[in-house]
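Counting starts at 1 for both ligands and their atoms, in listed order.
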Amino acid sequence: MIQSVKPSVRLIVALDFAAQSPALALIDQLDPAHCRLKVGKELFTRLGPAFVETLQQRGFEVFLDLKFHDIPNTVAAACEAAADLGVWMVNVHVTGGQRMLEAARERLSRMTQPPLLIGVTVLTSLDAADLTMIGCPGSPPERVLALARLAQSAGLDGIVCSPQEAAAVREALGNDWLLVTPGVRPAGSATGDQKRVMTPVEAIAAGASHLVIGRPITQAARPLDVINQIERELAGLDTI
Ligand code: C5P
């Protein structure tokens with residue numbers, strides 16, 4: 001597994017903004033020593049690679065959350081493009097299948113500084129009825145575990161999953177494996193449209209290696225205070 005230059009930084013701030021200026025206004029208040037940044041489909045489609053480069057020039061490591069899902073050759077080429085951009089982490093849908101995952105892994109292994117390669121298992125917006133409707137009956141946790149096993153056997157560095165599934169995945173797949181969890185809410189903050197949430201301490205205790213947190217930080221009057229509070233809570237966990 002690739003070692004990050006900042007192994008102790010577990011917080012990834014989701015930059016879910018519709019334009020550059022509010023995103024930069026937030027970033028001006030953040031410190032790359034305390035968090036990484038996630039750029040998703042909205043901001044990347046609006047602002048493109050130049051925006052990612054801007055973040056990197058400011059010292060931030062970037063998780064490019066584009067969830068690639070296509071034929072093996074296309075996904076491998078997209079992962080190579082992400083590596084050329086110098087991002088810290090990139091992700092693909094595990095449901096793209098074994099050959100797609102292996103093609104992405106193989107292409108990145110040729111790069112001198114490959115990003116971490118993470119697999120999206122079951123979107124947290126899907127419940128059992130949704131899965132049946134798309135021809136995949138079974139409970140979401142069962143599918144997460146099956147897809148996590150496939151991702152691990154294809155050589156991925158970890159998966160994205162709900163913190164609710166983290167403990168079961170950790171137990172089945174071991175510790176040398178990244179679990180990136182959205183659906184995290186510091187105690188007392190609004191849940192928004194996230195249905196099954198855990199606090200940062202609960203998520204890390206359940207086995208998450210990285211926490212993706214958006215609105216509780218991006219919409220806060222004082223984002224840095226929220227980050228400091230999360231760090232204090234996590235530091236308490238480390239001393240237990
Ligand atoms: O604002 P909030 O903390 O809910 O943001 C969570 C981030 O994690 C968003 O960028 C969302 O797209 C992303 N995400 C998620 N659930 C997933 C995968 C990604 O909430 N299963």
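- Near Val212, meaning under 4.0 Å from one of its heavy atoms, ligand 1 places the atoms 7 (C), 8 (O).
- Atoms of ligand 1 found under 4.0 Å from any heavy atom of Ala14, numbered from 1 in the order shown, are 7 (C), 10 (O).
- The structure places NZ of Lys38 at 12.5 Å from CG of Leu11, a figure rounded to the nearest 0.5 Å.
- Between Asp65 and ligand 1, a contact under 3.5 Å exists for no N or O pair.
- The proximity of Asp16 to ligand 1, defined as any non-hydrogen pair under 4.0 Å, is limited to the side chain.
- For ligand 1, the atoms closer than 4.0 angstrom to any heavy atom of Ile213 are 3 (O).
- Here's the thing with Lys67: none of its N/O atoms is less than 3.5 angstrom from an N/O atom of ligand 1.
- Applying the side-chain hydrogen bond (donor to acceptor under 3.5 Å, both in side chains) rule to Gln56 yields no partners; only residues at least two apart in sequence or on another chain are considered.
- Aromatic ring orientation, His93 versus His69: tilted (interplanar angle from 30° to 60°).
- The atoms of ligand 1 that sit less than 4.0 Å from any heavy atom of Arg215 are 1 (O), 2 (P), 3 (O), 4 (O).
- Summarising the geometry, atom CD belonging to Glu106 is positioned 13.5 Å from atom CG belonging to Leu101; distances are rounded to the nearest 0.5 Å.
- The option with the heavy atom closest to atom 8 (O) of ligand 1, from among Ser162, Pro182, Gly214, is Pro182.
- Using a 3.5 Å distance cut-off with no hydrogens or angles, the side chains of Gln229 and Glu233 do pair a donor with an acceptor.
- A side-chain contact (heavy atoms from CB on, under 4.5 Å) with Val169 holds for exactly one of Leu147, Ile159, Thr181; it is Ile159.
- In summary, Asp16 and Lys41 do not engage in a salt bridge, as defined by a charged side-chain N under 4.0 Å from a carboxylate O.
- Close approach to Thr124 involves these atoms of ligand 1, each under 4.0 Å from a residue heavy atom: 16 (N), 17 (C), 21 (N).
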